[in-house]
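In what follows, a structure is listed as structure tokens, so that the remarks can point back to it.
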Amino acid sequence: MKRRTKKLVALGMTAAMTAGLVAGCGKKATPESLLTDMAKNLAEVESLMANIGVGMEMTDGTDTMGFEMKMDLETILKTEDTHAKGEMNIEMMGSKIGTEIELYSVKEDDKYVTYMKAADQWTKEETDVEDGDSEDASGDFEKVAEDIAKSADAFTLSEEKTEVDGKKCFELKGKIDGSEVSDLMEDEMMGDLSSAGMDSDALDGVTIPCTMEIYEEDLLPAKISFDMKSAMADMAEESGLEIGEFYMDVTYVEFDSVDEIKVPKNVIEAVEDSDSGLSALYEDDSDSKEEKNDKDSDDKEKGQAKEPAKQSGELGKTWDSYTVQINDKVLTLPCTLAELESAGVTLDREYTPEDYVVNVEEYELAWFMDGNGNEITVEMVNMTDKPIALKDCVVGGISVDAYSVEEGGLTVIFPGGIQIGSTEADVLAAYGEPSDTYESEEYGNSFMWYDENSENYYDGCSIDTELETGLVDSMSLTHYE
């Protein structure tokens, strides 16, 4: 897993080093004159934050299957410690299944330790550090950059500059060796690409069109996009499939703003087979045992200080009322960021800056937390005709799962009184027959309701129930406009 995580980081830095072939400050934009300057800038980068997006749509002539993943990533290059968080959605045979994904990967002594959350379950994987992994990720970047530099003449610099996150950028168009992208597809977070019939080995030996955007001011990567439709077309045709689209984007948000990445204690404890030795690694050694007990006691009192709110009479009865009760306040989607924060939850601005620019008809995932550490996942949507800051977007979707509110004290109630812990029977009685149902013998049941009167594909509600208890453990409500 860790070797693949290194490839994930290396992919973006490859874009930056390649960009050095075509963009410079005070020099003619030629590969020969600018590669040295770019490499020098990259050598000083210690950490980065990025957004990763993958989308695919294909059909067999009768049914259409779609896959979408959005992930926010932060990593420290020297230690290779990484944290990623986002969501994955799969549409197949009329059903749409979504799940939140989160990952922590850290290096301890001679092992890589990776915590992965999917389908509301945390798992842990330990792998030995191999001899080839002894150097930090920057070594990978240099090697990949050298390979691309040999074919720098395959890229052209656009005459017009572009904008990413409100900043001027050079735009570079060309092709990249498919083997670099296939390494990324082998990452666990993208494993569903293979399950969907997209064999990453098929990319070896082909070239993939890519567009790179490079911040003009500091000559560091802004965005790299891959169009993999043509590269995968032959393999899909052999399986009787036709690809409508297949893309991968990496957008670089910040550099050198991540000082440290630690695995939270509650994540470690959520893993059933976690050992006490690993948990001890992440405790604050500066606190004595007595101080730790005092902190735990304070935290417990803090979590119990606020009793769950009672259901409000303003809450709608049906899912398509698009009302959500957060603590004592009832909101109607879409709503503003300020309205959501007035309900007692606050945007995690450190992880998702409020001035982050969201493009037209796109959304950005954000996390809102209360004072006890509970959180909800929110889709901040730009339905205007121009790029705007995240703080000016509307709240178009709210999701919550059992794990994210286990600290207690945060009330999240959907229309009809449905909340985490409601029974499957209560859900069906309140919302009626689902548009789609997905039954899993491994995870439980998922129910989806789609708004047939809306022009927005995403408008609707989804409820997941836990396998053993049949109780609601995850729910999502979406209404963009």
Side-chain angles (χ1 to χ4, degrees), residues 51 53 55 66 68-72 85-91 96-101 165 249 251 314-316 318-327 329-349 351-369 375-401 404 410 412-415 418-419 431 435 448-464 474-481:
N51 306 134
E68 181 185 48
M69 188 194 75
K70 287 196 172 186
M71 186 76 65
D72 295 332
K85 187 173 184 178
E87 68 174 2
M88 180 185 297
N89 294 293
I90 298 176
E91 182 186 8
K96 184 172 67 173
I97 308 299
T99 184
E100 292 183 17
I101 303 173
D165 197 16
D249 297 329
T251 304
E314 299 178 6
L315 188 67
T318 60
W319 64 266
D320 54 1
S321 67
Y322 295 114
T323 53
V324 180
Q325 181 177 337
I326 308 291
N327 294 322
K329 189 176 183 65
V330 174
L331 305 169
T332 300
L333 299 180
C335 66
T336 66
L337 184 150
E339 289 173 330
L340 178 56
E341 290 197 322
S342 71
V345 291
T346 304
L347 171 66
D348 185 349
R349 288 171 169 79
Y351 195 82
T352 310
E354 64 177 17
D355 57 356
Y356 176 78
V357 176
V358 181
N359 290 323
V360 177
E361 295 187 352
E362 293 186 1
Y363 71 88
E364 181 66 24
L365 288 179
W367 285 266
F368 287 70
M369 306 182 68
E375 68 178 15
I376 58 175
T377 305
V378 172
E379 296 176 28
M380 300 299 297
V381 187
N382 178 8
M383 299 302 291
T384 70
D385 58 358
K386 62 182 180 180
I388 59 176
L390 182 138
K391 63 183 179 181
D392 298 321
C393 293
V394 297
V395 175
I398 294 178
S399 301
V400 63
D401 61 71
S404 298
L410 176 63
V412 182
I413 308 178
F414 275 18
I418 302 303
Q419 56 190 305
Y431 295 169
S435 303
M448 281 79 52
W449 291 264
Y450 306 136
D451 193 338
E452 297 180 355
N453 297 318
S454 173
E455 296 181 358
N456 193 309
Y457 171 81
Y458 294 102
D459 287 353
C461 178
S462 66
I463 303 290
D464 297 332
S474 177
M475 53 188 195
S476 176
L477 188 64
T478 307
H479 191 215
Y480 282 5
E481 60 181 350

Practice problem: State whether the side chain of Asp348 and the backbone N or O of Tyr351 hold a donor-acceptor pair below 3.5 Å, judged by distance alone. | Solution: yes
Quiz item: Which residue, Pro334, Cys335, Ser321, Cys461, forms the side chain to side chain contact (heavy atoms under 4.5 Å, CB included) with His479?
Solution: Pro334
Quiz prompt | Heavy-atom donor-acceptor pair, Lys85 side chain to Trp367 backbone, under 3.5 Å | solution = no
Exercise. Decide yes or no on side-chain contact (heavy atoms from CB on, under 4.5 Å) for Ile398 and Phe368, but give the supporting numbers first.
Key: CA-CA 10 Å; Ile398 294 178; Phe368 287 70; over 6 Å; no
Exercise. Report yes if some heavy atom in the side chain of Val412 is under 4.5 Å from a heavy atom in the side chain of Ile326; otherwise report no.
Key: yes
Quiz item: Is Leu315 close to Thr323 at the side-chain level, that is, under 4.5 Å between some pair of heavy atoms?
Solution: yes
Quiz item: Would you say the side chain of Glu362 lies within less than 4.5 Å of the side chain of Asn382, judging by non-hydrogen atoms?
Solution: no
Quiz prompt | Exam field: side chain Asp459 to backbone Asp451, donor-acceptor pair closer than 3.5 Å | solution = no
Quiz item: Heavy atoms, side chains only, cut-off 4.5 Å: are Val395 and Met380 in contact?
Solution: yes
Quiz item: Does any non-hydrogen side-chain atom of Asn453 lie less than 4.5 Å from one of Asp320?
Solution: no
Practice problem: Look up atom CD in Glu379 and atom OG in Ser399, then write down how far apart they are to the nearest 0.5 Å. | Solution: 6.0 Å
Quiz prompt | Heavy-atom closest contact (Leu347 atom, Glu341 atom, distance) | solution = N-OE2, 2.9 Å
Quiz item: Taking atom CH2 of Trp319 and atom CG of Leu477, what is their separation to the nearest 0.5 Å?
Solution: 8.0 Å
Quiz item: Please walk me through it: do Thr377 and Glu87 pass side-chain hydrogen bond (donor to acceptor under 3.5 Å, both in side chains)?
Solution: CA-CA 10 Å; Thr377 305; Glu87 68 174 2; over 6 Å; no
Quiz prompt | Distance in Å, Met369 CE paired with Ile376 CD1, rounded so as to fall on 0.5 Å steps | solution = 11.0 Å
Practice problem: Could you pull out the closest heavy-atom pair between Ala389 and Glu354, with the gap in Å? | Solution: CB-O, 3.8 Å
Quiz item: Any side-chain heavy atom of Asn327 within less than 4.5 Å of one from Leu410?
Solution: yes
Quiz item: Hey, what do you get for CD1 (Ile388) to CG (Asp355), rounding to the nearest 0.5 Å?
Solution: 13.0 Å
Practice problem: Please tell me if the side chains of Tyr480 and Val394 come closer than 4.5 Å, counting only heavy atoms from C-beta onward. | Solution: no
Practice problem: Give the minimum heavy-atom separation between Gly397 and Leu333, together with the two atoms involved. | Solution: CA-CD1, 4.3 Å
Quiz item: Does any N or O in the side chain of Asn89 come within less than 3.5 Å of the main-chain N or O of Glu68, such that one atom is a donor and the other an acceptor?
Solution: no
Practice problem: Apply side-chain contact (heavy atoms from CB on, under 4.5 Å) to Tyr431 and Thr318, showing your working. | Solution: CA-CA 6 Å; Tyr431 295 169; Thr318 60; 5.6 Å; no
Self-check item: Separation of Thr478 OG1 from Trp449 CH2 (nearest 0.5 Å)
Solution: 13.0 Å
Quiz item: If only atom types and distance count, is the side chain of Tyr363 paired as donor or acceptor with the main-chain N or O of Val378 below 3.5 Å?
Solution: no
Quiz item: When rounded to the nearest 0.5 angstrom, what is the spacing between CD in Glu364 and OG1 in Thr352?
Solution: 6.5 Å
Quiz item: Would you say the side chain of Met475 lies within less than 4.5 Å of the side chain of Gln419, judging by non-hydrogen atoms?
Solution: yes
Quiz item: side chain to side chain donor-acceptor pair (under 3.5 Å) with Tyr356: which of Asp72, Asn51, Thr251, Asp165?
Solution: Asn51
